[in-house]
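Data block below; observations after.
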There are 2 protein chains.
Amino acid sequence: MSRASDRAYNHIRSMILSGELQPGSQIREEALAELCGVSRTPVRDSLRRLEAEMFVRRNDSQRSFVANWSLDDLEDAFQLRAMLESYAAKRAAMRITREQLARMRIHNAQLKQAVDAVHPDVPRFIDHNRQFHAIILEAAASERLTSMLAQVTEQPVVLRTARQYDLENLRRSHHEHDELLIAFENRDGEWAAAVMTAHIRRAFHAYAEAHSTDTEIGKTDLAA
Amino acid sequence: MSRASDRAYNHIRSMILSGELQPGSQIREEALAELCGVSRTPVRDSLRRLEAEMFVRRNDSQRSFVANWSLDDLEDAFQLRAMLESYAAKRAAMRITREQLARMRIHNAQLKQAVDAVHPDVPRFIDHNRQFHAIILEAAASERLTSMLAQVTEQPVVLRTARQYDLENLRRSHHEHDELLIAFENRDGEWAAAVMTAHIRRAFHAYAEAHSTDTEIGKTDLAA
DNA sequence: GTGCAGCTTATTGTATACAAATGCCATTCG
DNA sequence: CGAATGGCATTTGTATACAATAAGCTGCAC
């Protein structure tokens with residue numbers, strides 16, 4: 001982390017994810033270099049990486065822009081995520097350890113608490129949800145899969161405002177996680193994969209519905 | 001293509017795929033820079049890209065190495081490829097044009113000729129096969145999918161010596177392609193996806209079998 | 001007033017110099 | 001004799017300078 005290159009990468013990436021760098025806006029190496037307090041060299045390194053991860057795009061005259069996804073792109077990403085994460089579940093079912101299962105149960109209990117409390121804490125839910133899924137990926141033990149999933153899982157925050165999923169949906173996630181845990185305990189990869197597919201698809205539909213009703217955000221952010 | 005950076009990228013990539021740069025061997029920026037006739041800067045750019053595409057790996061002290069895949073990694077790649085390419089087939093079924101179908105038929109006829117001739121021409125088969133699959137990807141029209149598939153489709157040549165698939169297997173590929181074409185004509189995405197899954201899986205099994213009997217290459221190339 | 005030409009400016013590409021870090025080897029001390 | 005340590009060599013990281021390219025603008029001609 002002490003490398004300027006890594007700092008620049010993380011900085012830029014988080015600026016994209018947080019929406020600080022707006023989708024579609026042009027990126028100038030010099031400007032980012034000043035922002036990160038480094039020279040253009042590490043910024044360029046970072047841009048190449050982010051480009052490969054499709055967070056950054058370039059036009060034919062080598063100008064860089066923050067990726068701006070259409071709703072189609074987004075649905076495509078969710079489809080890919082459903083497939084990849086189901087595959088992860090299948091692999092994980094064969095390899096997962098008791099210790100990993102225990103950690104998953106903890107996170108699942110925590111995310112349940114987060115939405116069942118009198119004052120629901122959605123960010124906390126999101127965090128434990130993320131960790132729950134991360135353990136599956138860890139158990140799947142495929143570097144390639146991990147890097148591919150990163151590309152379709154992390155998305156700019158402007159496209160998934162925190163309050164968008166209603167609590168009912170969040171609670172259903174919790175129950176689907178329960179079912180995943182049972183599938184893992186039985187080391188039933190097919191079952192785990194099927195549950196995961198349903199889980200991700202449902203999440204997307206909830207998401208798409210929330211956005212189709214929210215015409216204001218939908219119109220402005222999802223326009224090409 | 002006139003950019004030194006692109007030239008370096010293509011050069012290094014092809015050296016990896018051809019086996020000229022052996023899996024596991026260390027990469028020194030300076031050496032590659034001389035080889036490509038450029039400075040270290042574009043070489044570094046290329047290495048970052050190739051790293052993101054998992055053709056190049058780095059240890060914890062920032063040294064780069066040509067990726068060296070285990071048999072497990074390879075099977076993993078094929079599984080991913082089966083999923084991704086099935087998804088491509090599904091998308092393609094909805095979008096493919098008459099013109100694209102026509103081109104696919106031409107390539108399929110050509111690859112049939114290549115293996116049915118008195119002197120079978122395996123490289124020619126491979127080329128038309130590649131183009132056949134490329135058209136499906138083109139019809140699927142998903143950039144993300146395209147870049148992901150590139151990572152699991154292109155592999156060092158040392159791991160797939162030209163003669164490895166016997167002609168019988170190649171002919172079966174031709175017939176599976178025929179079935180894909182019918183599925184596309186009927187715009188039946190599920191069918192196309194199912195055929196594609198079977199197609200890729202069979203190809204992997206033929207491949208794995210050829211390699212398990214060829215202990216010499218298997219031992220030397222697939223060792224960690 | 002409109003369109004094109006050429007220049008000006010902004011931005012990226014490349015090379016090089018130097019700094020930092022890593023690995024290797026030899027030397028020394030227990 | 002083995003392990004630890006210090007310094008040297010190799011390799012990568014970063015900054016900067018300059019070259020090349022593309023965009024934008026100004027002014028001229030029609």
Side-chain angles (χ1 to χ4, degrees), chain A residues 1-16 20-68 143 147 150 223-224, chain B residues 1-16 20-68 143 147 150 223-224:
Chain A
M1 181 68 93
S2 73
R3 288 189 196 356
S5 186
D6 295 345
R7 274 184 289 124
Y9 172 79
N10 290 320
H11 193 180
I12 298 169
R13 189 171 189 273
S14 73
M15 282 196 296
I16 291 175
E20 199 170 339
L21 286 176
Q22 289 203 347
S25 63
Q26 183 168 352
I27 289 173
R28 275 162 307 124
E29 297 175 353
E30 186 84 36
L32 283 186
E34 277 183 37
L35 255 169
C36 301
V38 297
S39 82
R40 274 176 56 212
T41 312
V43 170
R44 284 176 65 80
D45 270 29
S46 303
L47 288 182
R48 296 298 164 277
R49 261 179 87 180
L50 291 164
E51 194 186 339
E53 292 163 358
M54 301 196 68
F55 288 109
V56 166
R57 303 179 54 83
R58 289 166 93 183
N59 65 11
D60 19 284
S61 32
Q62 311 297 102
R63 258 75 173 171
S64 298
F65 299 84
V66 179
N68 192 6
E143 243 181 293
S147 84
Chain B
M1 182 67 94
S2 72
R3 287 184 185 27
S5 186
D6 294 345
R7 275 184 287 124
Y9 172 80
N10 290 319
H11 193 180
I12 297 169
R13 188 171 189 274
S14 73
M15 282 197 296
I16 290 175
E20 200 171 337
L21 285 176
Q22 289 202 347
S25 63
Q26 183 168 353
I27 289 173
R28 277 163 305 126
E29 298 175 352
E30 185 82 38
L32 283 186
E34 277 184 37
L35 255 168
C36 302
V38 297
S39 84
R40 273 177 54 211
T41 312
V43 170
R44 284 176 65 81
D45 270 29
S46 303
L47 288 182
R48 295 300 163 275
R49 259 179 90 181
L50 292 163
E51 194 186 338
E53 292 164 357
M54 301 197 67
F55 288 110
V56 166
R57 303 178 55 83
R58 288 166 94 182
N59 64 11
D60 19 285
S61 32
Q62 312 295 102
R63 258 73 172 169
S64 298
F65 299 84
V66 178
N68 192 6
E143 242 180 293
S147 83

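Just so it is clear: chains get the letters A, B, ... in the order the sequence lines come, proteins before strands, and each one is counted from 1. Here the structure is a predicted model, which is why all the values come from computation and not from measurement.
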**Study point:** Closest-nucleotide ordering on DNA chain D, the 5'-leading residue of A:Ser39 and B:Glu29
**Key:**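 The answer here is B:Glu29.
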Practice item. Between A:Asp45 and A:Arg63, name the one whose nearest nucleotide on DNA chain D is closer to the 5' end. Key: A:Asp45
Side chain to side chain, [X] and [Y], heavy atoms closer than 4.5 Å:
X       : Y       : answer
A:Ile27 : A:Ile12 : no
B:Ile16 : B:Val56 : yes
A:Glu34 : A:Arg28 : no

From [atom1] of [X] over to [atom2] of [N], roughly how many Å is that when rounded to an integer?
X       : N      : atom1 : atom2 : answer
A:Arg40 : D:dA20 : CZ    : C1'   : 12 Å
B:Arg44 : D:dT11 : CZ    : C1'   : 10 Å
B:Phe65 : D:dT11 : CZ    : P     : 11 Å
A:Glu30 : D:dC18 : CD    : P     : 15 Å
A:Arg3  : D:dT11 : CZ    : P     : 17 Å

Practice item. Could you tell me whether a side-chain N or O of A:Ser14 sits under 3.5 Å from a main-chain N or O of A:Asn10, the two making a donor and an acceptor? Key: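 Between the backbone of A:Asn10 and the side chain of A:Ser14 there is a qualifying donor-acceptor contact (under 3.5 Å).
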Point to revise | Backbone of A:Thr41 reached by a side-chain donor or acceptor of A:Ser39 within 3.5 Å | key: yes
Revision key, fill the gap. Under a 4.0 Å heavy-atom criterion, DNA chain C is touched by chain A from C:dT11 to C:dT22
Exercise for review: Look at all strands and tell whether A:Ser5 reaches a base, only sugar-phosphate, or nothing, counting heavy atoms closer than 4.0 Å.
Suggested key: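 It contacts sugar-phosphate atoms only.
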If you measure from [atom1] on [X] to [atom2] on [Y], what distance do you get to the nearest 0.5 Å?
X       : Y       : atom1 : atom2 : result
B:Arg13 : B:Ser46 : CZ    : OG    : 11.5 Å
B:Glu51 : B:Arg49 : CD    : CZ    : 13.5 Å
B:Met54 : B:Arg57 : CE    : CZ    : 5.5 Å
A:Arg63 : A:Glu29 : CZ    : CD    : 10.0 Å

Exercise for review: Could you list by number each residue of residues 47-62 of chain B showing a heavy-atom separation from DNA chain D of less than 4.0 Å, or answer none if no residue does?
Suggested key: B:Arg48, B:Arg58, B:Gln62
